[in-house]
Peer 1: 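Here it is, the structure in full.
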Amino acid sequence: GGASSELAAVAGSKMAANGILVTGGTGFVGGHFLSALLERRDSSVPVFCLVRIRNHTAVDAADRARARLEKIMRERFALSACWDDAGMADRIIALPITSIADPKLGLASDADWQRLREKVGTVVHLAARVAFWDEYAEARSANVLGTLEILRFCCAPSGGVRPFLHYASTLSVFGALPGECSEGSSIGKTAALSGVVGSEGYSQSKWVGEKLVVKASASLSIPAAIHRIGYVSFSTKTGVANRNGWFHKLLVGCARAGY
């Protein structure tokens, strides 16, 4: 049950040696990234997607995880091309989990976790709780503990090679720092010296996440890159809105209020 059947299908296959693990595929950024990845990358590379569902150890869990991912991408994001093309759709391997913040990424078993580790050469960590009204304690589980589990995954031995980690962060890690900020700007060695002390929990949790990635990269030799994303509103390809974004909610609120 769970992810075992999906992982078993690629066990020992040559095509699985450099697989890509994507978290957050059911989110707006993650769904669009997944679609673009499948359209542009080598067709021999499988893409493993962690998908939260209930009863993740059930026999039909993998099928339900895949169905949930497909439904969200098709109906919410209007991203159907990668599902209509059999060559691309066959590369998507949906793995059911409880929560990425749970031990072993919330997979059904230690064996599933180890098999996944043996097949992955690149990790793209896009999963996050994005709620600008959160306190830090509310954002910590998904955004800090989830990142710790991803780093543990990257540290796990597998032929002596660590996967390359792409960590999605946010420009809001700069918080209220004065002046202009660039990719080379420091976010502060400590929270007290950063600009996020007075920010909401989301920005604070992503600041901590960045610090964890930087420390793990330096001390544990995890190859990593941090990508700071700005505000995400609408898709330039389909016009579909990020319905969880504050700007979209503002427009909807104004329309309903008659403005």
Peer 1: What pairs with S80 under side chain to side chain contact (heavy atoms under 4.5 Å, CB included), at least two apart in sequence or on another chain?
Peer 2: R74, D84
Peer 1: Closest approach of A127 and I100, non-hydrogen atoms and distance?
Peer 2: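 Where A127 meets I100 most closely, the heavy atoms are CB-CD1, 4.3 Å.
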Peer 1: Does any part of the side chain of T26, heavy atoms only, come nearer than 4.5 Å to the side chain of V51, both counted from C-beta?
Peer 2: yes
Peer 1: Counting C-beta onward and ignoring hydrogens, is there a side-chain heavy-atom pair between V240 and F28 closer than 4.5 Å?
Peer 2: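 Result yes, sub-4.5 Å side-chain heavy-atom pair found.
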Peer 1: Taking CZ in R64 as the centre, count heavy atoms belonging to other residues, nucleotides or ligands within less than 6.0 Å. Is the count above 12?
Peer 2: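 It does: R64 CZ has more than 12 such atoms within range.
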Peer 1: Within the distance-only criterion (no hydrogens, no angle test), does the side chain of E135 pair as donor or acceptor with the backbone N or O of A137 below 3.5 angstrom?
Peer 2: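 Pair absent, no side-chain N/O of E135 close to backbone of A137.
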Peer 1: Run the numbers on C49 and I93 for side chain to side chain contact (heavy atoms under 4.5 Å, CB included), then give the verdict.
Peer 2: CA-CA 6 Å; C49 301; I93 302 170; over 6 Å; no
Peer 1: Does any N or O in the side chain of S35 come within less than 3.5 Å of the main-chain N or O of G31, such that one atom is a donor and the other an acceptor?
Peer 2: no
Peer 1: Output all residues satisfying salt bridge (Lys or Arg N to Asp or Glu O under 4.0 Å) with K71, sequence neighbours left out; order by chain, then residue number.
Peer 2: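 Applying salt bridge (Lys or Arg N to Asp or Glu O under 4.0 Å) to K71 gives E75.
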Peer 1: Going by an N to O cut-off under 4.0 Å, is there a salt bridge joining D112 and R115?
Peer 2: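 R115 and D112: salt-bridged.
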Peer 1: When you check the side-chain N and O atoms of T98 and H56, is any donor under 3.5 Å from an acceptor?
Peer 2: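 There is no such pair (donor and acceptor under 3.5 Å, judged by atom type) between the side chains of T98 and H56.
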Peer 1: Treating Ile, Leu, Val, Met, Phe, Trp and Tyr as nodes and any side-chain heavy-atom pair under 4.5 angstrom as an edge, say whether L250 and F234 lie in one connected cluster.
Peer 2: yes
Peer 1: Tell me whether the count of non-hydrogen atoms from other residues, nucleotides or ligands lying under 6.0 Å of CZ in R140 goes above 12.
Peer 2: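 Counting neighbours around CZ of R140, 12 or fewer heavy atoms of other residues, nucleotides or ligands fall under 6.0 Å, so no.
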Peer 1: Is a donor on one side and an acceptor on the other found under 3.5 Å between the side chain of S205 and the backbone of Y202?
Peer 2: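 Pair found, side chain donor or acceptor close to backbone of Y202.
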Peer 1: Give the ring-plane orientation class for H32 versus F77, where under 30° counts as parallel, over 60° as perpendicular and anything between as tilted.
Peer 2: tilted
Peer 1: For the backbone of M88 and the side chain of D85, can you confirm whether one donor and one acceptor N or O come within less than 3.5 Å of each other?
Peer 2: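 Side chain of D85 to backbone of M88, a donor-acceptor pair under 3.5 Å: yes, one is there.
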Peer 1: Go through the steps to decide whether I92 and F48 satisfy the test side chain to side chain contact (heavy atoms under 4.5 Å, CB included), and finish with yes or no.
Peer 2: CA-CA 6 Å; I92 302 172; F48 300 92; over 6 Å; no
Peer 1: Can S199 and Q204 be counted as having a side-chain donor-acceptor contact under 3.5 angstrom?
Peer 2: no
Peer 1: Is it true that L37 and L69 fall in one hydrophobic cluster, defined by side-chain heavy atoms closer than 4.5 Å?
Peer 2: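 Yes, same cluster.
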Peer 1: Looking at A139, is its backbone amide N or carbonyl O close enough to the side chain of R129 to form a donor-acceptor pair, meaning the two atoms are under 3.5 Å apart?
Peer 2: no
Peer 1: Between E70 and M73, is there a donor-acceptor pair closer than 3.5 Å when you use the side chain of the first and the backbone of the second?
Peer 2: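 No: the side chain of E70 does not pair with the backbone of M73.
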Peer 1: Decide yes or no for R117 and P163: does some side-chain heavy atom of the first lie under 4.5 Å from some side-chain heavy atom of the second?
Peer 2: yes
Peer 1: Using a strict cut-off of less than 4.0 Å between a Lys/Arg side-chain nitrogen and an Asp/Glu carboxylate oxygen, indicate whether K237 and E39 qualify as a salt bridge.
Peer 2: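 Here K237 pairs with E39 in a salt bridge, since their nearest N and O are under 4.0 Å apart.
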Peer 1: Would you say T23 and V124 make side-chain contact, with heavy atoms under 4.5 Å?
Peer 2: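 In short, these two side chains do not touch, never coming nearer than 4.5 Å.
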Peer 1: Check for me, please, whether V120 and F164 land in the same ILVMFWY cluster - side-chain distances under 4.5 Å, paths through other members count.
Peer 2: no
Peer 1: Less than 4.0 angstrom from a charged side-chain N to a carboxylate O is my criterion; do R228 and E210 meet it?
Peer 2: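 Salt bridge: yes.
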Peer 1: Checking the side chain of R68 only, and the main-chain atoms of R52 only, is there a donor and an acceptor separated by less than 3.5 Å?
Peer 2: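 Yes; at least one donor-acceptor contact below 3.5 Å.
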Peer 1: Is it the case that one hydrophobic cluster holds both V232 and L79, taking links as side-chain heavy atoms less than 4.5 Å apart, direct or via other members?
Peer 2: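 Looking at the clustering, L79 is in the same group as V232.
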Peer 1: Quick one: do the H166 and H227 side chains pair a donor with an acceptor below 3.5 Å?
Peer 2: yes
Peer 1: Hey, is the main chain of L220 close enough, under 3.5 Å, to the side chain of R162 for a donor-acceptor pair?
Peer 2: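 Side chain of R162 to backbone of L220: a pair is present.
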Peer 1: Looking at V213, is its backbone amide N or carbonyl O close enough to the side chain of S217 to form a donor-acceptor pair, meaning the two atoms are under 3.5 Å apart?
Peer 2: no
Peer 1: Would V130 end up clustered with V252 when hydrophobic side chains under 4.5 Å apart are linked, directly or stepwise?
Peer 2: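 The answer is no; the residues belong to distinct hydrophobic clusters.
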Peer 1: With a 3.5 Å distance limit and no angle check, can you tell me whether R91 reaches the backbone of V45 through a side-chain donor-acceptor pair?
Peer 2: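 Between the backbone of V45 and the side chain of R91 there is a qualifying donor-acceptor contact (under 3.5 Å).
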